[in-house]
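As a basis for the values below, the full set of heavy atoms in this structure was taken, side chains included, without hydrogen atoms, waters or symmetry mates. Protein chains get the first letters and strands the later ones, always in sequence-line order, with residue 1 at the start of each.
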Amino acid sequence: MQAFTRLNGLVAPLDRANVDTDAIIPKQFLKSIKRSGFGPNAFDEWRYLDHGEPGMDNSKRKLNPDFVLNKPRYQGASILLTRENFGCGSSREHAPWALEDFGFKVIVASSFADIFYNNCFKNGMLPIVLPAHAVDALFDAVSGQVGYQLNIDLEKQIVMTPDGKTYTFEVDKVRKHNLLNGLDDIGLTMQQQNKIKAFETKHKLAQPWLFS
Amino acid sequence: MAAKTLYDKLFDSHIVTEENGTALIYIDRHLVHEVTSPQAFEGLKLANRKVWRVNSILAVPDHNVPTTNRSTGVAGIADSISRLQVQTLDENCAEYGVTEFKMNDVRQGIVHVIGPEQGATLPGMTVVCGDSHTSTHGAFGALAHGIGTSEVEHVLATQCLVQKKSKAMLVRVEGTLQKGVTAKDIALAVIGKTGTAGGTGYAIEFAGLAIRALSMEGRMTLCNMAIEAGARAGIIAVDDTTINYIKGRPFAPKAAQWDAAVKYWRTLHSDVGAKFDAVVELNAQDIQPQVTWGTSPEMVVGVDGKVPSLDMAKNEVQRADWTRAYTYMGLQANTPMSEITIDKVFIGSCTNSRIEDLRAASVVVKGKHIAPNVKLALVVPGSGLVKAQAEQEGLDKIFIAAGFEWREPGCSMCLAMNADKLAPGERCASTSNRNFEGRQGQGGRTHLVSPQMAAAAAVAGHFVDVRTFS
């Protein structure tokens, strides 16, 4: 997994609460057996004027000019600013895959759905929870200044605005360590295989019916 | 010893190791389907890793499979990308020796229907699947939740998951449900009260007399929807209803192991005095048949209610949300739910496609016919075995005589990955779990209801109170 340490990036605002994973990557694109290439279909139903299907040449499709991520000023954004309960619904990891492939490395919101939040860390992405008043202030700042950027420092757990204001955020120690160092969860767990085997032996003795 | 919640008992008994509040927990049952597993198997192959414990896995194709004629097998799936995904599951299962109920096996069905049906879901287990509705299995006193594909790979390789313990929420529903009011209505009423983020960070235990009175089918419906309240897991304590349901199922323990298992399972309840981080209480008597009006399960009212007006929204963000939902749903504030006419009806999904759901819906439509404005009414049984049971009881004939189509099992129009979908602007009474924009087809408008309410709406052509419908 790619490490994440710090990022200075353009912010794109998606001013909606409860953005669900069906909206982030519609179901027809989940038929792929690959892990990559979902970016062109991120937010497909909001982003394009026609109905998207796998295999279409997305560069030839007509973009919805009203969708915020299509606005010229937000092209190249790597930080998505959004509202509460982002990523609710399905557990599809295609949602963070699509956002990452689109170019987002950081998502700032007042809250996230659990499974989505967890899936981000598995893909070198950092979801940041800030209080609602901070999110409000950032939405105002982004709309007020073309090219608005934020500076994210995972080590220090801070979000810094262009005028030097900082917001601190919480992140679980283990997740932080793994993200900073780009560590692969499976590799780390494999180092515990003796403990897993010992647990399994004990568990089998207590509940043999689980192993038949 | 301190009193423990059921969640504490389930979590603590599966900790392999714990550090800094992050635990490695052991997984007893891993359910796999075709959509969220191909990348996990590929990852395993690329890293040259083995499957840790192959007999913990049960696989089934469900999301992509057609619900119409399957006589030509997987080769007959018209959509080539869907076909490749189903074939990939078959190939991966064959390569690693995973037990799979293939598309034309009579035991095939929706992963959250077949696990319990086979006795592959048992009390006290940890159950995971790359699907958020894995919360369904918590109905059995199991710790069950959805995971992403990276975690599917992690469980395949290590039989474990890296987890932080959630907080515990108690949802207590006392009293007796009115006739015609179901587990689905409890679920929607709870979500209406807590909101879709109310359960975020929690495991929800459902308890109280009204929960104890539910069948296992009803309990599965309720736990299935825990994720729509934001909780990864919903759980219900083990009782006689649980144990009687499991007994004799193919994967259930037998003989002496059965007795030992039952003895253990009887301990799977929250201790008296156990502390919860949050408590939500509802009175079953007050719950009406529910109908969602908007694009999130929390946008829900009783059937005799109206689409709420903006002055009832709690804040600016919700006002914006509701305004978008009015437009998407083609509805205006203060429209009575009973005046909303429908184009299609879907009875199915991992929420409501079990035999009890089909029986309840069939009672409502028996001897009647779907309204002229209803273009399509589908019944999609949750599994081949549910379908066979329903046919044995003659339910298929009742539905067909009433103008419904009787289909093959799968996820179908719940998420419209196969050919079953809404056209833009079409309005559907659906027994599924999500009414998000585009969920049942781009531009489609979903109203979530119970099977009885969907059946009544099919006959009336609009939403109607099933308590007084005849």
Side-chain angles (χ1 to χ4, degrees), chain A residues 15-18 20-23 26-28 30-35 45-46 51-52 54-55 83-85 88-94 96 111-116 118-119 122-123 132 172-175 185-190 192-193 195-196 198-200 203 206-212, chain B residues 16-17 19-22 24 26 28 35-36 38-39 42 47 49 55 64 79 81-82 84-85 88 122 124-125 130-132 146-151 153-154 157-160 162 164 196-197 200-201 230 232 253 257 260-261 264 296 317-318 320-321 324 415-417 434 436-439 442:
Chain A
D15 196 356
R16 288 186 181 221
N18 300 309
D20 59 78
T21 53
D22 276 84
K27 85 283 288 184
Q28 61 270 33
L30 272 50
K31 295 174 191 174
S32 167
I33 56 170
K34 300 200 181 101
R35 221 183 162 106
E45 291 185 7
W46 295 344
H51 172 73
R83 298 281 182 183
E84 67 204 48
N85 201 27
C88 61
S90 149
S91 64
R92 60 188 71 164
E93 198 162 318
H94 312 65
S111 66
F112 291 90
D114 280 343
I115 302 178
F116 176 84
N118 192 43
N119 281 341
K122 311 287 181 191
N123 292 283
D172 169 63
K173 270 188 205 159
V174 177
R175 282 178 170 143
D185 268 358
I186 298 179
L188 290 174
T189 301
M190 290 302 271
Q192 311 269 10
Q193 48 182 304
K195 284 184 185 163
I196 301 171
F199 177 90
E200 205 165 45
H203 200 46
Q207 298 178 57
W209 56 87
L210 296 176
F211 292 81
S212 48
Chain B
V16 172
T17 172
E19 204 175 339
N20 288 329
T22 298
L24 196 60
Y26 188 83
D28 297 314
V35 180
T36 56
Q39 299 87 351
E42 189 192 22
R49 287 177 173 133
N55 72 359
N64 275 282
D79 180 338
I81 311 177
S82 286
L84 178 62
Q85 202 165 51
T88 304
L122 295 173
M125 274 183 166
D131 190 287
S132 61
I147 56 177
T149 296
S150 294
E151 289 179 319
E153 185 180 338
H154 193 281
T158 69
Q159 209 59 40
C160 290
V162 179
K164 279 184 83 75
T196 50
T200 302
R232 291 179 75 172
Q257 282 203 358
Y264 171 60
S296 162
V317 172
Q318 191 168 61
D321 242 19
R324 268 193 299 269
L415 87 167
M417 261 188 93
R434 291 190 176 132
F436 298 154
E437 287 184 24
R439 174 79 179 179
Q442 188 167 17

What class does the angle between the rings of B/Tyr26 and A/His203 fall in, given that below 30° is parallel, 30 to 60° is tilted and above 60° is perpendicular?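 The arrangement is perpendicular - the two ring planes meet at more than 60°.
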B/Glu437 backbone acceptor or donor facing A/Asp22 side chain under 3.5 Å: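 Checking the backbone N and O of B/Glu437 against the side chain of A/Asp22, no donor-acceptor pair under 3.5 Å is found.
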Is the side chain of A/Glu93 donor-acceptor paired with the backbone N or O of B/Ser150 at a distance under 3.5 Å, no angle test?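 Here the side-chain-to-backbone pair exists.
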Chain A contact via [X] - side chain, backbone, both or neither, heavy atoms under 4.5 Å:
X        : answer
B/Leu24  : side chain
B/Arg439 : both
B/Val317 : side chain
B/Gln318 : neither
B/Thr88  : side chain
B/Ala157 : both
B/Thr158 : both

Using heavy-atom distances under 4.5 Å, tell me whether [X] contacts chain B through its side chain, its backbone, both, or neither.
X        : value
A/Phe116 : neither
A/Asp114 : both
A/Lys34  : backbone
A/His51  : both
A/Ala23  : neither
A/Pro26  : neither
A/Asn118 : side chain

Could you tell me whether the side chain of A/Arg16 reaches within less than 4.5 Å of the side chain of B/Arg324, counting heavy atoms only?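 B/Arg324 reaches A/Arg16 side chain to side chain.
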How many angstroms lie between atom [atom1] of [X] and atom [atom2] of [Y], to the nearest 0.5 angstrom?
X        : Y        : atom1 : atom2 : answer
B/Asp321 : A/Asn18  : CG    : CG    : 5.0 Å
B/Thr149 : A/Asn119 : OG1   : CG    : 7.5 Å
A/Gln207 : B/Asp28  : CD    : CG    : 6.5 Å
B/Gln159 : A/Glu200 : CD    : CD    : 6.5 Å
A/Lys31  : B/Leu84  : NZ    : CG    : 12.0 Å
A/Leu30  : B/Met417 : CG    : CE    : 5.0 Å

If you tally heavy-atom pairs under 4.5 Å against chain A, which of [options] wins?
options                              : result
B/Ala261, B/Ala197, B/Ser296         : B/Ala261
B/Gly230, B/Gly201, B/Gly21          : B/Gly201
B/Glu42, B/Glu151, B/Met125          : B/Glu151
B/Gly124, B/Ala47, B/Pro38, B/Gly130 : B/Pro38

Shortest non-hydrogen contact from [X] toward [Y]:
X        : Y        : result
B/Pro253 : A/Trp209 : CB-CB, 3.5 Å
B/Asn55  : A/Phe211 : ND2-O, 3.2 Å
B/Ser132 : A/Ser90  : OG-CA, 3.6 Å
A/Ser32  : B/Ile81  : N-CG2, 4.4 Å

Thinking salt bridges, do B/Glu19 and A/Lys195 make one under a 4.0 Å N-O criterion?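 Here B/Glu19 does not pair with A/Lys195 in a salt bridge, since their nearest N and O are not under 4.0 Å apart.
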From the list A/Val174, A/Thr189, A/Leu210, the residue making the most non-hydrogen contacts under 4.5 Å with chain B is A/Thr189
Among A/Glu45, A/Gln28, A/Arg92, the residue with the most heavy-atom pairs under 4.5 Å to chain B is A/Glu45
